[in-house]
Structure formats: structure tokens, C-alpha cells
Chemist: 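Could you have a look at this structure, given as C-alpha cells, before my questions?
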Amino acid sequence: QVQLVESGGGLVQAGGSLRLSCTASGRTFSSYAMGWFRQAPGKEREFVTAISSSGFTTTYADSVKGRFTITRNNAKNTVYLQMNSLRPEDTARYYCARGRYDFVTKDYDYWGQGTQVTVSS
């Protein structure tokens with residue numbers, strides 16, 4: 001029922017920046033926490049960052065702290081991932097996901113198709 005569509009991926013040189021967007025269908029976007037995950041070839045999906053429904057609380061994986069920032073605009077049903085100081089190891093397909101609750105947890109119930117981010121060295 002919930003559709004999430006990511007955009008903004010692409011090819012960037014190490015040290016560069018990208019901003020990913022995830023737009024959700026429906027009118028209940030503001031009721032749920034949102035998260036970003038990524039998966040590189042040959043690796044398991046890993047958690048990147050998440051934000052509470054209000055946007056007041058955020059959490060980040062250690063690997064991206066200080067470089068990535070998650071924000072949301074509930075009026076636009078959109079969550080963003082600003083990625084700065086990109087490294088080759090950030091190369092992955094990035095997925096947007098909806099949390100099951102308004103607060104950040106490990107549980108997500110809907111996923112987007114993903115957008116590819118490739119960082120060249």
C-alpha cells in the first residue's frame with residue numbers, strides 16, 4: 001500500500017557530495033520514522049541512518065557520522081539523505097524504508113526500490 005521512491009543517486013568522485021530523496025505515497029508519512037539503508041555487492045544490507053516521525057531525533061551508523069545527514073519534510077512526504085565527504089566504501093545501492101513506529105527502531109515494513117550511489121577513487 002505504501003510506495004517509496006528514491007532518487008538522487010549517481011556517480012561522484014571521492015570527497016564529493018550527493019543528496020538522495022525518498023518520496024512516500026499516502027498521507028500518513030508524518031506518523032512514521034524513516035530510515036536509509038544500503039547494500040553493496042557481496043555484502044549484507046546495512047543500516048545507515050534513521051529519523052523519527054517529527055524529525056526531532058536522528059541516529060547514524062558510526063561509519064557515516066559527521067558526513068551524512070538525514071532530514072525530512074513532512075509537508076512534502078519526503079525524507080532526504082545528504083551525503084558529504086563521500087568515500088569509495090560508500091558505494092552501494094541506497095534504500096529508503098518506513099519504520100513501524102513513530103520513533104526509531106530496528107523494524108521497518110516498507111521499502112523503496114533503491115538508488116545507486118557510486119563513489120570513484
Chemist: Quick one: pull up OG1 in Thr91 and CD in Gln116 and give me the separation to the nearest 0.5 Å.
Modeler: 7.5 Å
Chemist: Hey, are Thr23 and Asn77 close enough side-chain-wise for a donor-acceptor pair under 3.5 Å?
Modeler: no
Chemist: If you link I, L, V, M, F, W and Y whenever their side-chain heavy atoms are under 4.5 Å apart, who else ends up in the same group as Tyr110?
Modeler: Val2, Leu4, Val12, Leu18, Leu20, Phe29, Met34, Trp36, Val48, Ile51, Tyr60, Val64, Phe68, Ile70, Val79, Leu81, Met83, Leu86, Tyr94, Val117, Val119
Chemist: Determine whether a donor-acceptor pair (N or O, by modelled atom type, separation under 3.5 Å) exists between the side chain of Ser52 and the backbone of Thr57.
Modeler: yes
Chemist: Is the shortest side-chain heavy-atom distance between Gln113 and Val5 below 4.5 Å?
Modeler: no
Chemist: Can you give me the closest heavy-atom contact between Gly99 and Asp109, atom names plus distance?
Modeler: O-OD1, 3.8 Å
Chemist: I would like to know whether Ser31 and Ser53 meet side-chain hydrogen bond (donor to acceptor under 3.5 Å, both in side chains); could you show each step before the answer?
Modeler: CA-CA 5 Å; Ser31 297; Ser53 61; over 6 Å; no
Chemist: Show the nearest heavy-atom pair for residues Val104 and Ala50, with the distance to one decimal.
Modeler: CG1-CB, 3.7 Å
Chemist: Looking only at heavy atoms, which two atoms of Ser121 and Pro88 are closest? And how far apart?
Modeler: CB-CG, 3.7 Å
Chemist: Distance from Arg98 atom CZ to Arg100 atom CZ, nearest 0.5 Å?
Modeler: 8.5 Å
Chemist: Side chain of Glu6, backbone of Gly114: donor and acceptor closer than 3.5 Å?
Modeler: yes
Chemist: Just jot down the salt bridge (Lys or Arg N to Asp or Glu O under 4.0 Å) partners of Arg67, sequence neighbours excluded, or say none.
Modeler: Asp90
Chemist: How far does OG of Ser7 sit from OH of Tyr80, to the nearest 0.5 angstrom?
Modeler: 9.0 Å
Chemist: Do side-chain atoms of Ser30 reach the backbone of Asn74 as a donor and acceptor pair under 3.5 angstrom?
Modeler: no
Chemist: Report the distance from atom CZ of Arg93 to atom OG1 of Thr118, rounding to the nearest 0.5 Å.
Modeler: 10.0 Å
Chemist: Out of Phe47, Tyr95, Tyr32, Tyr101, which residue meets the side-chain contact (heavy atoms from CB on, under 4.5 Å) rule with Tyr108?
Modeler: Phe47
Chemist: Are side-chain heavy atoms of Arg38 and Ser63 found at a separation under 4.5 Å?
Modeler: yes
